[in-house]
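Report on the following structure.
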Amino acid sequence: AQSVTQLDSQVPVFEEAPVELRCNYSSSVSVYLFWYVQYPNQGLQLLLKYLSGSTLVKGINGFEAEFNKSQTSFHLRKPSVHISDTAEYFCAVRTDLNDMRFGAGTRLTVKP
Amino acid sequence: ETGVTQTPRHLVMGMTNKKSLKCEQHLGHNAMYWYKQSAKKPLELMFVYNFKEQTENNSVPSRFSPECPNSSHLFLHLHTLQPEDSALYLCASSQDVAGGFLELFFGEGSRLTVL
């Protein structure tokens, strides 16, 4: 079965600085990979997804992620963050039918 | 009208109460899910319904009882809950195709507090 590890539970960063949220997965088969964002008191919203093709995936709000098969990673990046990016970010992996596993989440806090 | 709507958004109940959470999806999807989100824990999949049939039950206690009358509506009936059941309950939907679904669409969640 696959699993997902988000290496940082909290990431504080100053406004306009770059940020990287790390995600590693374990799976012996092909995977689909996702990043979701959760703002306070809301549900999860899809940021981006990797299904196949180009390993660099662009999503909403200026985020992008790179699929690295050899390192089994799918790190999320943004070159310049805003206060409004403060939220919880979840990495997820799916292989089997109806089996999506989520990481424990990374709390991104953007400070002025 | 949002894609996946959950009601109520907040619920406080005693351990002997019976209550229900409701989820409705307006996306034309054919699969619906209940997830539990507790502090400091990954999301836990509770139930999956595909074409109204329950296809997964991840060892959830019987005090949680799901109901899926059609592909657009999903309920979670709650009875004699414990304080540790306090959490955010998230409903999601997906469009299943051959080989599985592509992504999940989530509602805003129902925050449950058990006293």
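Labels below follow one simple rule: chain letters A, B, ... track the order of the sequence lines, proteins then strands, and each chain is numbered from 1. Since the model is a prediction, treat every value here as computed from it, not as a measurement.
Two different hydrophobic clusters hold A/Phe90 and A/Ile60 under the rule that ILVMFWY side chains link at heavy-atom gaps under 4.5 Å. Linking ILVMFWY residues whenever their side-chain heavy atoms come closer than 4.5 Å, directly or via other members, places B/Phe47 and B/Leu11 in the same cluster. If you chain together hydrophobic residues whose side chains sit under 4.5 Å apart, B/Tyr33 and B/Tyr89 never meet in one group. No continuous path of hydrophobic side-chain contacts links A/Met100 to A/Val37 [ILVMFWY only; heavy atoms under 4.5 Å]. B/Phe75 and B/Val4 fall into different hydrophobic clusters, where Ile, Leu, Val, Met, Phe, Trp and Tyr side chains are chained together by heavy-atom contacts under 4.5 Å.
At a heavy-atom separation below 4.5 angstrom, chain B is approached by A/Gln42, A/Gly43, A/Leu44, A/Leu46, A/Lys49, A/Leu51 within residues 42-51 of chain A.
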Tell me, with the steps shown, if B/Leu88 and A/Gln38 meet side-chain contact (heavy atoms from CB on, under 4.5 Å). CA-CA 12 Å; B/Leu88 183 67; A/Gln38 185 178 31; 3.6 Å; yes
Does the side-chain contact (heavy atoms from CB on, under 4.5 Å) test come out yes or no for B/Gln37 and A/Phe102, once each step is laid out? CA-CA 11 Å; B/Gln37 186 179 30; A/Phe102 288 84; over 6 Å; no
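Of the two parts of A/Tyr36, only the side chain, counted from C-beta on, holds a non-hydrogen atom closer than 4.5 Å to a non-hydrogen atom of chain B. Neither the backbone nor the side chain of B/Arg111 comes within less than 4.5 Å of any heavy atom in chain A.
A/Arg94 contributes atom CZ, which lies 10.5 Å from atom CD of B/Glu103 (distance to the nearest 0.5 angstrom).
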